[in-house]
Amino acid sequence: MKLKLHWQILIAMGLGVLFAMILGEKSGFIAPVGNIFIRLLKMVIVPLVMTSIISGVASVGNAKNLGRLGLKTISYYLLTSLMAILIGLTLVNLIAPGRGVDIPSSKSISFEDLNKPDSLSDIFIRMIPDNPVGAAANGDMLGIIFFAIVFGAVLTKVPKQYGDILIPLIDSLFHAMMKLTGYIIKLAPIGVFGLIVNAINATGFELFKAVGKYMITITIGLTIHFLIILPVIYWIFTKRNPVDHFKNMANALVTAFSTSSSSVTLPVTMDCVESNAGVSNKISSFVLPMGATINMDGTALYECAGVLFIAQVMGVDLSISQQLIVVITALLASIGAAGIPSAGLVMIFIVLSAVGLQGPTVAMIVGTMLAVDRPLDMYRTMVNIFSDSVGAVVIANSESEISTPNVTR
Ligand code: ASP
């Protein structure tokens, strides 16, 4: 009897945990296995995103349809991210995880280890690539997406004899990339095993005691969003059973959890949303790549909760208007965060400085948060991509672009 792939992956994950716990540091030799899996996924991201967006946008047809799709997509991103932020805000105020916390300074990771984030306006300006080939070479997702959307739209405007050559060609490339992605996903059980071992080795467990309440607060918040809010949104808009959607997305969820990267997970997310949930490439190519970089509900919740936590540790009382600033900048920071591990933590500096929290104590607390970030990052990445996938189905449903729903492989 052949076990379904997502069960194989889950078992591999459990074995990875056992392996890392039994062998401890010695289990590090397995690291290359996880790294190879990540490199394989990264290898397909740029060509997959390029070809899928160009062929997807070209099939949307005209500017009016594109505009409607864009509006729906952006509204969904903003709405769900805001909901996540409000959950974070409420929980930190209720639980107060930062009150009376004593940060053991020696254990926190130095501030210098973190790259400073770009300013928010820079991030938006850089969406327009000055060189699309450079954007592709550097894996600059927003630049690639911008160019691909514009190029796809233009393909519908060129004379028929050119469009008739280019569109099927790019469509064929896209299908070849999806096929390749399918083969790479088959390796997920081995890759996930290696990644989980790496993740456990990279986590500063000894700090868990000091900041345990903070970690629990974030975990509760993410769980509410993941298991209640998003499934309810899914049900309201599609009238379908959300449990089936969890099953359809299982491979992507586990990959997000073990890689802590929405971008690296993107090929798997696309495969699940198209092959299992039955969403057309027209919709998924529009919603998912952009979602992987812009729509980060888990990260948004984290930005808000993290900043309020830091304020509590420092004994700073944030006024209602300051909390409102946190809400808005947390939203922007989650949009600007890249889909890579710990990007959310780096962006937290933007939110912190918006309410005047700066200096060595802040840096030390963030350093501590970095040391324990891995498990939280794994969970918020999973929530991030789940929200993208719910968005894809909700929008596809509203556009009648969903074929065979609930086909669980
Ligand atoms: N790792 C997250 C992601 O790729 C971003 C974050 O650090 O919150 O989605």
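Keep in mind the model is a prediction, meaning the values are calculated, not measured. Counting starts at 1 for both ligands and their atoms, following the listed order.
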- Task: Give the numbers and elements of all ligand 1 atoms closer than 4.0 Å to a heavy atom of Thr299.
- Result: 5 (C), 6 (C), 8 (O)
- Query: So which protein heavy atom does atom 9 (O) of ligand 1 come closest to, and at what separation?
  - Reply: Ser262 OG, 2.4 Å
- Message: Can you tell me which portion of Ile340 lies within the under-4.0 Å heavy-atom range of ligand 1? Options are side chain, backbone, both, or neither.
- Response: backbone
- Message: Tell me if a side-chain donor or acceptor on Ser59 pairs with a main-chain N or O of Gly56 at a distance below 3.5 Å.
- Response: yes
- Query: Looking just at side-chain N and O atoms, do Tyr77 and Ser387 make a donor-acceptor pair shorter than 3.5 Å?
  - Reply: no
- Message: Please tell me whether Phe193 and Phe19 form a close aromatic pair, meaning their ring centres lie under 6.0 Å apart.
- Response: yes
- Residue, atom name and distance, where the atom is the protein heavy atom closest to atom 2 (C) of ligand 1: Thr381 OG1, 3.3 Å
- Begin from the C-alpha positions of Asn131 and Phe147 and carry the test side chain to side chain contact (heavy atoms under 4.5 Å, CB included) through to its verdict. CA-CA 9 Å; Asn131 173 358; Phe147 179 76; over 6 Å; no
- Message: Is it true that Thr269 and Asp388 share a donor-acceptor pair across their side chains at a distance under 3.5 Å?
- Response: no
- Are the aromatic rings of His225 and Phe386 close, with centres under 6.0 Å apart? no
- Which atoms of ligand 1 sit under 4.0 Å from any heavy atom of Gly344? 6 (C), 7 (O), 8 (O)
- Query: Is the shortest distance from a Lys or Arg side-chain nitrogen in Arg68 or Glu399 to a carboxylate oxygen in the other one below 4.0 Å?
  - Reply: yes
- Before signing off on this row, confirm whether Ala338 and ligand 1 have an N or O atom pair separated by under 3.5 Å. no
- Task: Compute the shortest N/O to N/O distance between Asn384 and ligand 1 and return yes if it is under 3.5 Å, no if not.
- Result: yes
- Numbered atoms of ligand 1 (with element) below 4.0 Å of Ser261, judged on heavy atoms: 4 (O)
- Query: What do you reckon, does Met296 have a nitrogen or oxygen under 3.5 Å from a nitrogen or oxygen of ligand 1?
  - Reply: no
- Message: Checking side-chain polar atoms at under 3.5 Å, does Asp271 have a donor or acceptor matched by the opposite partner on Thr181?
- Response: no
- Query: Any heavy atom of Ser260 sitting closer than 4.0 Å to ligand 1?
  - Reply: yes
- Item | Closest protein heavy atom (residue, atom, distance) for atom 1 (N) of ligand 1 | Asp377 OD1, 2.7 Å
- Item | Where ligand 1 meets Ser342 - atom numbers and elements under 4.0 angstrom, heavy-atom basis | 7 (O)
